Amino acid sequence: MLSEALRRRTFAIVSHPDAGKTTLTEKLLLYGGALHLAGTVTARKKERTTVSDWMELERKRGISVSSTVLNFDYGGYRVNLLDTPGHKDFSEDTYRVLTAVDSVIMVIDGGKGIEGQTRKLFEVCRRRSTPVFTFVNKMDRPALDTLALLDEIERVLSIRAYPMNLPMGSGVDFKGIFDRRAGTACFYERVPGGAYRAPVAAAGGIGDPIVKEALTSSAYATLLEEAEMVEHAGASFSPEDVLAGRTTPVFFGSAANNFGVQLLLDGFLEFSPPPLPRMSRGAPVDPGSELFSGFVFKIQANMDPKHRDRMAFVRIVSGRFERGMTAVNVRTGKTTRLANSSALFGRERTTVDEAFAGDVIGVLGVDALRIGDTLCADESVVYDEIPLFPPECFAIIHNPSPANYKRFREGLTQLALEGLVKLYEIPAGHQRISLLGAVGPLQFDLVQYRLESEYGAASRIENTDWTMVRRIKSKGVDSKDINNADEKSLHIPAGARLALDGDGRQVILFPTDWHMRFFEEHNDGVTLGDF
Ligand code: G4P
């Protein structure tokens with residue numbers, strides 16, 4: 001069991017949209033021998049879709065709004081690649097996926113450097129000290145200066161950047177990469193249509209005459225200078241620092257041309273961690289332990305449009321999973337049989353009979369599962385909650401057709417359970433207004449789309465000015481939720497509004513920080529809690 005766990009590598013690829021995450025994913029699949037699958041990816045790419053884009057909305061918009069899991073075997077390793085949505089609006093889903101991985105590959109566009117989304121995603125990795133590997137992509141296009149790029153990574157992300165290889169030129173003058181560890185140069189060959197494995201010719205090192213001949217004199221001088229600078233600048237490569245998230249190994253290449261990808265994959269597998277222990281009640285649970293345990297990091301309803309189903313994605317933390325086994329949902333104390341378990345590859349599912357620490361399985365037919373739930377062979381383990389992110393956009397959702405009320409409610413409740421949006425209610429006389437809260441407004445489109453396509457319920461969205469939500473609590477050491485405040489007993493600034501959250505607890509919505517401070521200053525004995 002331990003050896004099975006040790007050969008697993010569970011990671012995600014993160015990037016700013018368009019930096020090349022999809023292209024890199026396709027190429028990695030090739031190395032795993034998933035040729036037919038990668039082929040489909042490339043063919044469908046023309047329509048701006050990927051193997052992990054299975055929802056129609058994704059196809060229409062050409063963005064990945066949901067995530068799936070790809071796995072393949074390579075060099076004795078079992079590689080589990082958790083795909084993450086590529087759009088900034090779906091970051092909450094991405095954050096949850098990042099709680100289920102042991103390391104991350106960050107893709108940067110060599111011509112653009114660190115972009116907004118990369119920075120945000122990196123913050124999440126840093127909070128959990130997740131090891132990060134960097135792939136600087138698109139070196140076949142004019143790229144920023146190598147040392148400036150490395151410096152930007154260090155400065156903007158506050159992490160040490162260790163170049164595992166150095167690019168030899170860029171754009172039309174891109175000639176390949178110099179592998180610092182092996183001391184060899186790998187020449188770039190442009191292969192029409194993108195090679196399966198770009199041919200790599202190794203030379204005798206940076207001083208080899210064929211390196212000098214291949215480069216323009218200024219490109220060669222730059223390479224020598226850069227090699228000398230990085231040699232002098234940095235301490236030696238420390239695998240411990242990589243594991244601790246203090247150093248990111250940097251690889252250069254071109255995903256579209258499958259160049260530098262194998263060096264990235266080999267380096268990644270060598271230095272990335274096997275499944276890591278996870279904290280339960282203040283103590284780590286060892287992946288090699290006999291006890292089966294895992295946690296739900298994602299719920300997705302109606303993945304298969306033909307069947308109304310609901311899949312819980314479970315990251316296994318320890319022990320061995322066997323189809324048909326029973327496990328306790330530690331939150332409810334109830335025992336369930338895990339009979340219907342799948343591996344996921346875009347739309348395709350295959351039954352999983354056995355899985356180990358580091359693997360992700362899709363569990364169907366267990367409706368009681370929620371995001372963050374621990375599943376365990378007994379009740380001895382309970383994993384820390386998955387952090388929630390406060391919604392920053394709020395919209396009222398109307399049901400224009402009263403006859404559809406039941407479907408409308410059912411859909412909303414289900415999508416809220418998935419964590420797609422948060423659901424609130426605003427009391428208004430005898431009526432209750434449904435309010436959605438999300439990290440980004442694109443999620444509202446997604447809710448509308450899914451309500452219509454999966455539940456047959458049309459809806460209308462009305463945007464609001466609120467940007468934050470807080471619980472109302474009593475002040476003092478034994479501070480408690482206040483759940484029965486009314487507008488008259490509180491001093492509520494114009495623009496703020498009382499509401500109820502999905503669990504029926506009272507909350508207050510504010511348009512700005514100013515309104516929130518006003519509320520705190522004008523209501524004695526009351527304080528604001530988390531959202
Ligand atoms: P994403 O998932 O991070 O959003 O990026 P994606 O892989 O879809 O890549 C975005 C664009 O960048 C694509 O071009 C892709 O072909 C291109 N690209 C990826 N890697 C490289 C590279 O190494 N060099 C160059 N020159 N381009 C690269 P597109 O025009 O949007 O699509 P397509 O018509 O090329 O498929």
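First listed ligand is number 1; within each ligand, the first listed atom is number 1. All of these numbers come straight from a predicted model, not from anything done at the bench. Keep in mind that the numbers below use all heavy atoms, side chains included, and drop hydrogens, waters and symmetry copies.
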Establish, for the pair R180 and Y162, whether the NZ or CZ atom is under 6.0 angstrom from the six-membered ring centre and no further than 45 degrees off its axis. yes
D73/R7 ion pair, N-O < 4.0 Å: yes
Regarding E4 and R8, does a basic nitrogen lie under 4.0 Å from an acidic carboxylate oxygen? yes
Out of R141, M139, K27, K138, whose heavy atom sits nearest atom 18 (N) of ligand 1? K138
For L276, side-chain contact (heavy atoms from CB on, under 4.5 Å) partners two or more places apart: D102, P273
Take the angle between the ring planes of F174 and F259 and call it parallel below 30°, perpendicular above 60°, tilted in between. perpendicular
Donor-acceptor contacts under 3.5 Å from residues 212-225 side chains, at least two apart:
from, atom 1, to, atom 2, distance (Å)
T216, OG1, A219, N, 3.1
Y220, OH, I206, O, 2.9
T222, OG1, S218, O, 2.7

Give the atom numbers and elements of ligand 1 that come within less than 4.0 Å of a heavy atom of [X].
X: K21; answer: 1 (P), 2 (O), 3 (O), 5 (O), 7 (O)
X: P17; answer: 4 (O)
X: S15; answer: 3 (O)
X: A255; answer: 23 (O)

Answer side chain, backbone, both or neither: which part of [X] comes under 4.0 Å from ligand 1, heavy atoms only.
X: N137; result: side chain
X: D140; result: side chain
X: A256; result: both
X: S254; result: both

So do M164 and F271 actually touch side chain to side chain, heavy atoms under 4.5 Å? yes
Consider every N or O of G20 and every N or O of ligand 1, then say whether any pair is closer than 3.5 Å. yes
